[in-house]
K.L.:
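Below is one structure. I have some questions about it.
What you see is a predicted model, and the numbers here were worked out from it, not measured in a lab.
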Amino acid sequence: MSYQVPQHIDKNKVFIVSRSEIEGRLEPEFYRPSLASLEKQIRRQSSHKLRDYALYLAGGATPKKTEAEKFYSDSESGIPFLRVQNLQTDGELSLDDCVYINKETHNGLLARSLVAEGDLLVKITGVGRMAVASVAPQGFVGNTNQHMVVIKTGDPELSKYLARYLNLDIVEKVASRHSTGGTRPALDYPSLKNIPVIEGVDFSKIDEAISSKKQKENESQQLIDSIDSYLLEELDVVLPEIKTDLESRQFIINRSSLEGRLDPSVYKDGIKLVSEKYDNVKLSSCAWINPNTSFKGKDAETPISFIPMEVIDECYSEIASMSEKTIGESSGFTRFQDGDLLWAKITPCMQNGKSVVVRGLTNGLGCGSTEFFVIRPRTSQLSIDYLQALLHMKAIRKTAMLYFGGSAGQQRVSVNFLENFNVPLPPIEKQKEIAHHVAELRQKAKALQQEGRLQLEKAKQEVEQMIIG
């Protein structure tokens with residue numbers, strides 16, 4: 001009698017595979033019973049594979065960053081260079097945080113991976129979900145890197161159908177089952193082409209959910225965008241009109257008004273939040289910038305929070321997750337404590353709005369990226385949440401860009417910007433009221449985003465149940 005896994009053991013964690021079932025692979029995940037059974041169900045219903053719809057399939061390459069001037073360009077004159085973060089599980093293509101290459105690179109080095117309207121784009125390498133698929137929108141012209149493939153189907157509607165299908169969780173599980181590479185999995189071309197495709201699936205519920213999700217995302221964005229207007233109105237601040245005529249580009253400034261920089265754009269284009277209703281003070285007079293956070297006298301093995309740049313949500317100013325290091329491991333990192341404001345100084349994190357007030361740190365202490373400015377109130381008459389809302393304003397982040405220094409791709413905001421930043425200073429209770437309202441707007445916006453995601457997830461699950469019963 002053959003050995004059987006005891007009943008009390010989860011058979012998806014511990015299972016037995018006969019030697020006759022081994023298909024030339026030794027990864028346990030490939031033989032997990034639930035995944036193997038799921039793939040059999042799907043293949044029984046499918047009569048086609050992804051390769052049957054591909055008129056042309058190719059992957060791209062990534063030009064060398066060390067030769068940026070030779071390959072890359074700006075958004076106005078360049079060609080979109082797509083990366084996996086531009087693909088979305090709703091089948092849409094996002095150009096947020098998009099990189100651009102010049103036309104010579106597009107038509108030369110990367111000519112084999114040109115992306116046009118109606119093309120299907122599928123992720124084949126990288127962490128997270130495998131086989132995320134999107135469709136190039138109407139009029140699109142672009143290119144892609146080696147972490148995804150462009151599939152030309154010759155029919156935009158077919159591409160859309162395939163994107164909906166590939167983004168189902170059950171199909172993604174089948175694709176992931178055939179990926180290799182451990183911590184950075186990859187789906188090779190034969191495995192990608194061999195993904196089973198079921199025809200005739202009704203995706204109307206998913207289409208409706210995607211439409212609803214977009215509406216909620218628009219409402220969410222409107223709430224986020226309203227924050228800056230709210231702040232200006234509450235503080236009685238009027239931003240100057242930006243003029244570009246010759247007369248407006250010429251100006252005189254007193255030496256006493258210079259802030260340690262001689263860049264004309266700092267004084268001509270920089271925005272100051274000058275309130276007509278409340279006192280106005282320099283930030284350096286009411287807050288410490290990069291204050292000392294002493295760990296002296298504490299045991300080197302004491303755990304503290306660790307916050308890298310990537311865990312900070314740039315829209316809602318929240319920390320996605322906190323890990324830990326010991327005090328002994330904090331050397332070389334930026335140190336901070338509960339109640340401090342972390343504000344990104346490097347491009348593009350600063351422009352994107354990565355800033356957060358840290359609370360709930362392990363033992364009240366933390367360390368993190370060296371690309372943070374740390375800001376701490378000098379007085380109880382400054383609300384750190386109120387200050388975070390001010391520094392998160394788009395107009396302020398745009399002004400901070402004028403204070404950039406350093407090489408291309410590694411530019412950082414000068415500390416002069418923060419030292420001379422004008423802070424309208426209402427009474428502390430008014431600051432708290434403003435900060436509370438901003439937090440409410442962000443939470444409402446976040447809730448709308450979550451509602452849209454959950455609605456789409458539910459629609460996907462319903463469609464998957466119709467497929468696998």
K.L.:
Are any of the side-chain nitrogens in D313 or K354 under 4.0 Å away from the carboxylate oxygens of its partner?
P.N.:
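Here D313 does not pair with K354 in a salt bridge, since their nearest N and O are not under 4.0 Å apart.
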K.L.:
Would you tell me whether S330 and R335 have side-chain atoms, one donor and one acceptor, within less than 3.5 Å of each other?
P.N.:
yes
K.L.:
Who are the salt bridge (charged side-chain N to carboxylate O under 4.0 Å, His left out) partners of K70, not counting sequence neighbours?
P.N.:
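K70 satisfies salt bridge (charged side-chain N to carboxylate O under 4.0 Å, His left out) with E67 once adjacent residues are dropped.
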K.L.:
Can you say whether the rings of Y53 and H48 are parallel (under 30°), tilted (30 to 60°) or perpendicular (over 60°)?
P.N.:
tilted
K.L.:
Find out whether V374 and L342 are in side-chain contact, i.e. whether some heavy atom of one side chain is under 4.5 Å from a heavy atom of the other.
P.N.:
yes
K.L.:
Scan side-chain atoms only and decide if S317 and Q388 contain a donor-acceptor pair under the 3.5 Å cut-off.
P.N.:
yes
K.L.:
If you measure from the Lys or Arg side-chain nitrogens to the Asp or Glu carboxylate oxygens, is any gap between E451 and K216 under 4.0 Å?
P.N.:
yes
K.L.:
Output yes when K214 and E217 qualify as a salt bridge under the 4.0 Å nitrogen-oxygen rule, no when they do not.
P.N.:
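Looking at E217 together with K214, the answer is no, because their closest N to O distance does not fall below 4.0 Å.
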K.L.:
Taking everything shown except K277 itself, do over 12 heavy atoms lie less than 6.0 Å from its NZ?
P.N.:
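Yes, NZ of K277 has more than 12 neighbouring heavy atoms, counting only those of other groups under 6.0 Å.
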K.L.:
Check whether D340 reaches the backbone of Q337 with its side chain - one donor and one acceptor, N or O, closer than 3.5 Å.
P.N.:
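A pair under 3.5 Å: yes.
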K.L.:
Side chains of S191 and D188: do they bring a donor and an acceptor to under 3.5 Å?
P.N.:
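Present: a donor and an acceptor within the cut-off.
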K.L.:
Between D169 and K460 (side chain of the first, backbone of the second, donor and acceptor by atom type, cut-off under 3.5 Å), is there such a pair?
P.N.:
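No, because the side chain of D169 does not come within donor-acceptor range (under 3.5 Å) of the backbone of K460.
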K.L.:
Which word best sums up how the rings of F306 and F333 line up, parallel for under 30°, tilted for 30 to 60°, or perpendicular for over 60°?
P.N.:
perpendicular
K.L.:
Is any side-chain heavy atom of S113 less than 4.5 Å from a side-chain heavy atom of N143?
P.N.:
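With C-beta onward as the side chain, the pair touches.
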K.L.:
Does any donor atom in the side chain of Q88 or S134 lie under 3.5 Å from an acceptor atom in the other side chain?
P.N.:
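There is no such pair between these side chains.
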K.L.:
If we count only N and O atoms by modelled type, under 3.5 Å, do the side chains of S275 and D236 hold a donor and an acceptor together?
P.N.:
no
K.L.:
Below 4.0 angstrom, N of the basic side chain to O of the carboxylate: do D385 and R359 qualify?
P.N.:
yes
K.L.:
Compare all side-chain heavy atoms of Q45 with those of I467 and state whether any distance is below 4.5 angstrom.
P.N.:
yes
K.L.:
Are the side chain of H392 and the backbone N or O of L387 linked by a donor-acceptor pair below 3.5 Å?
P.N.:
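Such a contact is absent between H392 side chain and L387 backbone.
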K.L.:
Are the side chain of D52 and the backbone N or O of K49 linked by a donor-acceptor pair below 3.5 Å?
P.N.:
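Side chain of D52 to backbone of K49, a donor-acceptor pair under 3.5 Å: yes, one is there.
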K.L.:
Looking just at side-chain N and O atoms, do E318 and Q443 make a donor-acceptor pair shorter than 3.5 Å?
P.N.:
yes
K.L.:
With distance as the sole criterion, is a donor-acceptor pair present between the side chains of N218 and Q222 under 3.5 Å?
P.N.:
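Looking only at side-chain atoms, Q222 and N218 do not form any donor-acceptor pair under 3.5 Å.
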K.L.:
Taking only residues two or more places apart in sequence, or in another chain, which ones meet F203 in a ring pair (Phe, Tyr, Trp, His ring centres under 6.0 Å)?
P.N.:
Y161
K.L.:
H106 and F81: aromatic ring centres closer than 6.0 Å?
P.N.:
no
K.L.:
Is there a donor-acceptor pair under 3.5 Å between the side chain of N107 and the backbone N or O of K103?
P.N.:
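Yes; judged by distance alone, with no hydrogens or angles, the pair exists.
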K.L.:
Under a 3.5 Å threshold, yes or no: a donor from one side chain and an acceptor from the other, between T153 and D155?
P.N.:
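T153 vs D155: no donor-acceptor pair found between side chains.
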K.L.:
Ignoring hydrogens and angles, state whether a donor on the side chain of S204 or D207 is under 3.5 Å from an acceptor on the partner side chain.
P.N.:
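Side-chain D/A pair, S204 to D207: absent.
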K.L.:
For residues I396 and L390, determine if any side-chain heavy atom of one lies less than 4.5 Å from a side-chain heavy atom of the other.
P.N.:
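I396 does not reach L390 side chain to side chain.
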K.L.:
Do V174 and P196 have side chains that approach each other closer than 4.5 Å (heavy atoms only, starting at C-beta)?
P.N.:
yes
K.L.:
Looking at V150, is its backbone amide N or carbonyl O close enough to the side chain of D119 to form a donor-acceptor pair, meaning the two atoms are under 3.5 Å apart?
P.N.:
no
K.L.:
Do P137 and L93 make a side-chain contact, defined as non-hydrogen atoms from C-beta onward lying under 4.5 Å apart?
P.N.:
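They are in contact (side-chain heavy atoms under 4.5 Å apart), so the answer is yes.
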K.L.:
Could you check if a side-chain atom of R453 sits within less than 4.5 angstrom of a side-chain atom of E457, using non-hydrogen atoms only?
P.N.:
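Side chain of R453 against side chain of E457, heavy atoms only: no contact under 4.5 Å found.
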K.L.:
Return yes if some donor-acceptor pair links the side-chain N/O of T347 with the main-chain N/O of Q411 below 3.5 Å, else return no.
P.N.:
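Answer holds: no.
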K.L.:
If you look only at pairs with a residue in residues 170-180, which of them pass as a salt bridge (charged side-chain N to carboxylate O under 4.0 Å, His left out), with sequence neighbours excluded?
P.N.:
E39-R177
